[in-house]
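Convention: sequence-line order gives letters A, B, ...; per-chain numbering from 1.
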There are 4 protein chains.
Amino acid sequence: MKRTTIKELTKIELKNPVLLEGLPGLGMVGRIVIRYLSKQLKAKKLARLYSPHFPYYVLVNKKGNARLLHGEFFFWKNDGGENDLVFFTGDSQPQTIEGQYEMAGCILDFAEKNHVKTIVTIGGYRKEVETKPRVVAVSNSPRLLNESLKAEALPSSAGNPIVGTAGLLLGLAKFRKMEAICLLGETRGYLPDPRAAKSIIEVLQKMLKIKVDTSELDREIEKSKEIVERMQEIEKRREKYAKKMRRVEEEKISYIS
Amino acid sequence: MKRTTIKELTKIELKNPVLLEGLPGLGMVGRIVIRYLSKQLKAKKLARLYSPHFPYYVLVNKKGNARLLHGEFFFWKNDGGENDLVFFTGDSQPQTIEGQYEMAGCILDFAEKNHVKTIVTIGGYRKEVETKPRVVAVSNSPRLLNESLKAEALPSSAGNPIVGTAGLLLGLAKFRKMEAICLLGETRGYLPDPRAAKSIIEVLQKMLKIKVDTSELDREIEKSKEIVERMQEIEKRREKYAKKMRRVEEEKISYIS
Amino acid sequence: MKRTTIKELTKIELKNPVLLEGLPGLGMVGRIVIRYLSKQLKAKKLARLYSPHFPYYVLVNKKGNARLLHGEFFFWKNDGGENDLVFFTGDSQPQTIEGQYEMAGCILDFAEKNHVKTIVTIGGYRKEVETKPRVVAVSNSPRLLNESLKAEALPSSAGNPIVGTAGLLLGLAKFRKMEAICLLGETRGYLPDPRAAKSIIEVLQKMLKIKVDTSELDREIEKSKEIVERMQEIEKRREKYAKKMRRVEEEKISYIS
Amino acid sequence: MKRTTIKELTKIELKNPVLLEGLPGLGMVGRIVIRYLSKQLKAKKLARLYSPHFPYYVLVNKKGNARLLHGEFFFWKNDGGENDLVFFTGDSQPQTIEGQYEMAGCILDFAEKNHVKTIVTIGGYRKEVETKPRVVAVSNSPRLLNESLKAEALPSSAGNPIVGTAGLLLGLAKFRKMEAICLLGETRGYLPDPRAAKSIIEVLQKMLKIKVDTSELDREIEKSKEIVERMQEIEKRREKYAKKMRRVEEEKISYIS
């Protein structure tokens, strides 16, 4: 394998499909959202993406088999609705700059071939979140941006960089004449963050006019809460200690002077 | 040399050949196994693999000559048995992600050309081994996995990553419709580990129905024992010291508070 | 996108065009100069350059849209004057060696196509500047070098390396039979340095026989002064501290002896 | 420039040419030897080598011009002797593995085209040298190795790696059916080491039956001696200090226990 390649698993005609992408990244927000949605909607396998830019190991699965790191496309037939959905997630982001650009190009080729006109990319946005995480939206389409704001997303402030595949797909979409929007959930980013994922799913439900049961996600949030609290405590102690050390260090210096 | 290339040294017709691969890695387990087997079975040179992804130095050999880092294929005609064997080992793993994928693809091309249908990759698995190292098996073929379990290998737990060529060959084999299994010997991984290699050779003897004299390996194990013990002692002391330092550090902090 | 590519935005016939290049680098001198000149001269967009060697993120702009990192070409019709001007600046330098060479080659292809015969590259030169920053010139053309010296640039001393695109364009220009000069403004390099930029603009005004209002730049210089002073103070303290620590360290050693 | 390329400066018919290579490396031994020989023999420019794998900066020369990092081939017509000589040196080694392989292949293409049958590569070998540095030889040709031993080189012990272009040319030469030898001068490697270079030049004079005045090199050696002595003293003090610190550290530990 010399280049990123996509193996189709099914041939299917899709109706005005929207592509939703979420890979591992800050707080695993993108990946959690895509996995949760495709599971709840019972989306079916569409294609697999392999790339020589993923890390060079295989993962052992439950059957004692191993598989290459890969990306996966799922589809969901939205009967009665306007848009079928295509989901993309995977095990890893490409590990080099050139690999990032190559994979993003490959995903867009596949999207074009399937007549995708709209792309939603999903990720995390580092923030000390106290209450409900907010969702920040960036888009190459005023129409899409507006829809996201109506769905209670917030506009991003200028200058923020969006790193990785979520950003590149958004940046490259305009050369394919596709509308694209990136939704970023606020997250501390230390740990997989189902809270940030839920905020994004709420926005998506309104934007895409879909209905998803979030009770399973709520259980995940409950479980993660305890861990998050422990992490925060550790962090606070570390900060307190660092402050003390700085003070001690400064006293030393005054002493030396 | 712009790409990984294989130079054939002999033309030979092989009978249902099985490819066994083991490169330098954790505990050097893979390389020890392949070198020991091909030596004991008096396997003959089949081909050499060169790659611009190996480190850029040459090694001086006993004749005062130097040679590029390379991989080597050996073959063994299994008269009366079912499968001829092809061995692959080498000086190094490729040094980049893209190089890892390229070399694995190149090895599989060569295997296909030689009508290989089954691949066994060999490596180490980090574990604090007290008694006899166990062998863990991962396979894309229930049949092969089952044979390894009958030969006293254990199934791997899900989620474990298998890094490098041993993993990639296993992951890529299914695209060539080849059966593949990876055998990992438990090893502390600090030093070349002939004990882990012996455990794997025992499994292989049963799986491949071959007979290999292991007395030379036993001598290696005896020699390595002393070194291993010394290493363990050093390690224990380091841990003890680290624990003390942490205690001291904590006392300092309480003092500062 | 597999290679650096340039998308033309306008077709225009240019009169003896001179290309001026300045990318982010030491003190951001090159970028400040190019942006200031193209803004003051009301230069128009000519083309955009995209590259898989730029970092893999997108930047959010004021409209809540995001864009890939890119380079931009502007042009200015110098009515009545001898040379039209083409400006090139961008968000980033390529991130790998091979990417640096590829982008420089791509810029030169575009320059050739537009009949550019002369290139001016602009950057910073690390120096503890007390008074007005000087401008150092390096050129593959005695004629151009001479003109720059008449415009009060100074010749560079031998052995100095010029890193990045400013250097590579200069080095590669001779294979295209283009005259090239690199102008480096002295800068401490910690912060965007409008003072160094102004010195270069003064040289360029004489060399290119253009007239640019620098009052806006003067305001930038005023604003940056305060920051620079604070930085210098921090640095001095750090040096003082480092000296003390060295002394203490030496005393410890004598004590240990 | 996407690949390493060689620009020929002269067309010349060479008589049984021997290629001598020496790039920057340990103690700069290879580069010093090649530059000294080509200067003393008044060798003439043959070709330049450019590569996108060299660092991406240009060097300012004495005329205030700048040039890309490059390699240079020189030739010397050995009137009355058996072999004309081709010298290769340069500013830098390629900066990536793949670049190292690519440049070595490019040099060998050029050598083949010029009917080179014998290659001598030159480098340094790290050793605490007290007296006259010795020269270690490694070769793919028993004949060449023997000639070097008669010229007072020593055989290398097995297992030593030879890093970089000097090693790769030696390793790749056999695929071109060229004889190759690598001569390594013992050097501490901290500083440009004309003493090691002289030892190699003495071996080369005998092997190649050439006569070179070394008095200029002797002056360099004299100059470098003082610097070397100062370096050695600094190093001794550092070692002494490190030893003390280790002792102090150990006492602390016993105290903590």
Side-chain angles (χ1 to χ4, degrees), chain A residues 1-9 24 47-72 90-103 106 192 234 236-252, chain B residues 3-4 53 93-106 108-109 121 123 125 136-142 144-146 148-149 153-175 179-182 184 249-250 252-257:
Chain A
M1 192 181 1
K2 282 156 199 167
R3 303 217 140 259
T4 303
T5 43
I6 291 178
K7 309 232 170 202
E8 290 180 55
L9 304 171
R48 281 217 186 88
L49 177 149
Y50 296 95
S51 175
H53 306 293
F54 288 147
Y56 50 101
Y57 57 82
V58 294
L59 287 171
V60 177
N61 63 20
K62 284 170 207 160
K63 298 175 212 155
N65 191 353
R67 60 171 190 73
L68 290 178
L69 299 195
H70 63 214
E72 282 186 300
D91 301 302
S92 169
Q93 301 245 354
Q95 302 291 295
T96 61
I97 298 182
E98 287 81 2
Q100 282 274 1
Y101 274 91
E102 197 205 285
M103 190 180 86
C106 197
I234 288 167
K236 268 183 206 155
R237 259 191 291 168
R238 202 180 326 161
E239 266 172 34
K240 206 174 143 197
Y241 175 56
K243 222 186 269 174
K244 265 170 207 161
M245 289 314 289
R246 269 199 303 278
R247 214 184 329 119
V248 172
E249 203 61 36
E250 283 162 19
E251 283 168 11
K252 262 197 214 159
Chain B
R3 303 218 140 257
T4 303
H53 306 293
Q93 301 243 355
Q95 302 292 295
T96 60
I97 297 182
E98 287 82 2
Q100 282 274 1
Y101 273 89
E102 197 206 285
M103 190 181 86
C106 197
L108 290 171
D109 288 345
T121 71
Y125 178 81
V136 163
V138 181
S139 177
N140 67 11
S141 149
L144 264 184
L145 185 61
N146 206 37
S148 75
L149 301 185
L154 299 166
S156 169
S157 41
N160 281 326
I162 308 174
V163 179
T165 305
L168 282 190
L169 287 178
L170 175 56
L172 290 163
K174 76 163 182 178
F175 302 115
E179 291 186 310
I181 188 165
C182 177
L184 300 168
E249 203 62 35
E250 284 162 19
K252 260 196 217 159
I253 297 170
S254 349
Y255 172 76
I256 290 164
S257 328

Stepwise side chain to side chain contact (heavy atoms under 4.5 Å, CB included) test for F175(B) and M1(A): CA-CA 10 Å; F175(B) 302 115; M1(A) 192 181 1; 5.7 Å; no
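Taking OG of S157(B) as the start and CG of N61(A) as the end, the distance is 12.0 Å to the nearest 0.5 Å. Between the CG atom of L170(B) and the OH atom of Y57(A) there is a distance of 15.0 Å, given to the nearest 0.5 Å. Between E98(B) atom CD and E98(A) atom CD the span is 8.0 Å, to the nearest 0.5 Å.
Looking at L108(B), there are no atoms closer than 4.5 Å to chain A (heavy atoms on both sides), in backbone or side chain. Neither the backbone nor the side chain of T165(B) comes within contact range of chain A; no heavy atom of the residue lies under 4.5 Å from a heavy atom of that chain. When heavy atoms are compared at a cutoff of 4.5 Å, L168(B) approaches chain A by way of both its backbone and its side chain. Looking at K7(A), only its side chain comes within 4.5 Å of chain B, counting heavy atoms on both sides. For K62(A), the parts lying under 4.5 angstrom from a heavy atom of chain B are both the backbone and the side chain. Looking at P161(B), the atoms closer than 4.5 Å to chain A (heavy atoms on both sides) sit in the backbone and in the side chain alike.
Shown here for Y101(B) and F54(A), the closest heavy-atom pair between the two residues is CE1-O, 3.6 Å. When all heavy atoms of Q95(A) and I97(B) are compared, the closest pair comes out as CB-CD1, 3.2 Å. When all heavy atoms are compared, the tightest approach of L68(A) to L172(B) is CD1-CD2, 3.5 Å.
Partners of T4(A) according to the side chain to side chain donor-acceptor pair (under 3.5 Å) rule, which considers only residues two or more places apart in sequence or in another chain, are S51(A), E102(A).
In terms of non-hydrogen atom pairs under 4.5 Å with chain A, the most contact-rich of C182(B), S141(B), G164(B), A166(B) is G164(B). Of the listed residues (T96(B), V163(B), N160(B), I162(B)), the greatest number of heavy-atom pairs within a distance under 4.5 Å of chain A belongs to I162(B). Most heavy-atom pairs under 4.5 Å with chain A, from the set G159(B), G105(B), P155(B): that is G159(B).
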